[in-house]
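Read the structure below first, then the notes.
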Amino acid sequence: MKRILNFLLILVLNILLFSGIIIAKEYRPVLSGSFNVGDKRYDEILLEEDDSLTEEIVDRYNYEKFWLKYKQKLSTTDYYYLKGQYYKKRYEERGNYNNINFDLQGNYTYQLTNKLRNRWLLTLRDKEYQENKNSTYQMLRLNYQLDYKYNQKNKYSLVLQRQLEDYLNDSSKDNIYDRISVNWDYQIREDFTLNSKIQFNREVYKNLSERTNKYGRQFGVGFSWKL
């Protein structure tokens, strides 16, 4: 409970701080949030000797999820928001999977010119495993996105991301994850748009260990069709 109260206190202080720095009299701030509870069950399909199929419950977890978001519009194109989230999972069988997750997110989006728009997104995470301390970690993720509207038909975007994970009890898991992607949207007709993406990513470990660094690349094509 103490961790939850500290988490909410930090979130409220950040909201008050940003509200005091930037005051947009023409736009009213929006405060939103939700609270959810539920469970999820894992079943395994078994083949009996008489070739019949039966289901067996392998495990089940209960969860609680709460988030609160404060958004302030600054102009027709510029805005910022702060979002905090608390997420708890508790398993019936695999207790080493039990965890509590705290996220704090800040976004600032602003227009540079009529064609250029910037977007910054900062995420802080504290994920604690109560019965598996070696998996407990803290994460910092910074995203930067630059959108360029070349003309009515062509839109481009560049996304840069760096993510740092620090494991409090097992430094061999500490890693850095980087991602670069370029996206192109081409409007063929008013109701039909093609989307394409080229992405490169890498995951490297900061300390010498037996863990393997990972490198990847991806090319994707999609579409959006208003029927």
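The figures here come from the full heavy-atom set of this structure, side chains too, leaving out hydrogens, waters and symmetry mates. Nothing fancy with the numbering, it's 1 onward along the sequence.
- Between W120 and Y144, a ring centre-to-centre spacing shorter than 6.0 Å is recorded.
- Contact detail for S34 and N36: the closest heavy-atom pair is OG-ND2, 3.4 Å.
- Side-chain contact, E165 with N175: a donor N or O sits under 3.5 Å from an acceptor N or O.
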request  = Take F66 and Y86 through the test ring-ring contact (aromatic ring centres under 6.0 Å, His included) and record every step on the way to the result.
outcome  = CA-CA 5 Å; F66 166 78; Y86 165 82; 7.7 Å; no
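- Members clustered with L164: I176, V204, Y215, by chain and number, using a 4.5 Å side-chain heavy-atom cutoff among hydrophobic residues.
- D185 and T193 share no side-chain donor-acceptor pair at under 3.5 Å.
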Full working for side chain to side chain donor-acceptor pair (under 3.5 Å) between S171 and D174: CA-CA 5 Å; S171 60; D174 293 352; 5.1 Å; no
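- Annotation for Y177: atom OH counts as buried by contact number, over 12 foreign heavy atoms lying within 6.0 Å.
- Atom CD of Q163 sits about 4.5 Å away from atom CZ of R141, to the nearest 0.5 Å.
- For the residue pair N151 and N154, the shortest heavy atom distance occurs at OD1-N, 2.8 Å.
- A donor and an acceptor atom, one from each side chain of N134 and T136, are nowhere located under 3.5 Å apart.
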As a quick check of understanding, evaluate side chain to side chain contact (heavy atoms under 4.5 Å, CB included) for L140 and L122, giving each step before the final call. CA-CA 8 Å; L140 184 150; L122 176 66; 4.2 Å; yes
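- Under a 4.5 Å side-chain heavy-atom criterion applied to ILVMFWY residues, the cluster that includes W67 comprises that residue alone.
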| said: Please determine whether salt bridge (charged side-chain N to carboxylate O under 4.0 Å, His left out) holds for the pair D166 and K206, giving the CA-CA distance in whole Å, both sets of side-chain angles, and the decisive distance to 0.1 Å. | reply: CA-CA 9 Å; D166 289 322; K206 295 189 289 183; 2.6 Å; yes
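- Ring geometry for W184 versus Y186: interplanar angle of 30 to 60°, hence tilted.
- In summary, the aromatic rings of F223 and F192 are positioned with their centroids under 6.0 Å apart.
- In N114, the CG atom is not crowded: 12 or fewer heavy atoms of neighbouring residues, nucleotides or ligands sit closer than 6.0 Å.
- Every residue was checked against the salt bridge (charged side-chain N to carboxylate O under 4.0 Å, His left out) condition with R179, not counting sequence neighbours, and none meets it.
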Apply salt bridge (charged side-chain N to carboxylate O under 4.0 Å, His left out) to the pair E128 and K133, showing each step before the final yes or no. CA-CA 7 Å; E128 179 184 356; K133 298 297 183 181; 3.5 Å; yes
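- The minimum heavy-atom distance linking K69 with Y81 is given by the pair CE-CG, 3.6 Å.
- Every salt bridge (charged side-chain N to carboxylate O under 4.0 Å, His left out) that D147 has, sequence neighbours left out, goes to R117.
- No more than 12 heavy atoms of other residues, nucleotides or ligands sit less than 6.0 Å from atom NZ of K155.
- No donor-acceptor pair closer than 3.5 Å links the side chain of N132 to the backbone N or O of Y129.
- Here the side chain of Q111 pairs no donor or acceptor atom with the backbone of N118 at under 3.5 angstrom.
- Checking N101 against D103 by side-chain atom types alone, a donor-acceptor pair falls below 3.5 Å.
- Under the 3.5 Å distance criterion, the side-chain polar atoms of N98 are matched with a main-chain donor or acceptor of Y91.
- Nearest heavy-atom pair across K197 and Q199 is NZ-OE1, 3.6 Å.
- Side-chain heavy-atom separations under 4.5 angstrom define the hydrophobic clusters, and the remaining members of the one that includes F200 are I198, F219, V221.
- Using a 3.5 Å distance cut-off with no hydrogens or angles, the side chains of Q161 and N143 do pair a donor with an acceptor.
- By the neighbour-count criterion of 12 heavy atoms within 6.0 Å, atom OH of Y148 is densely surrounded, having more than that number from other residues, nucleotides or ligands.
- Heavy-atom neighbours of L158 CG from other residues, nucleotides or ligands within 6.0 Å: above the threshold of 12.
- For the pair K40 and Y61, the cation-pi criterion (under 6.0 Å, within 45° of the ring axis) is not fulfilled.
- Taking the six-membered ring for Trp and thresholds of 30 and 60 degrees, Y87 and Y63 have ring planes more than 60 degrees apart, a perpendicular arrangement.
- Grouped with Y137 in one hydrophobic cluster are M139, Y167, the linkage being side-chain heavy-atom contacts under 4.5 Å among Ile, Leu, Val, Met, Phe, Trp and Tyr residues.
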Worked check of side chain to side chain contact (heavy atoms under 4.5 Å, CB included) between V182 and Y156: CA-CA 7 Å; V182 179; Y156 305 93; 5.7 Å; no
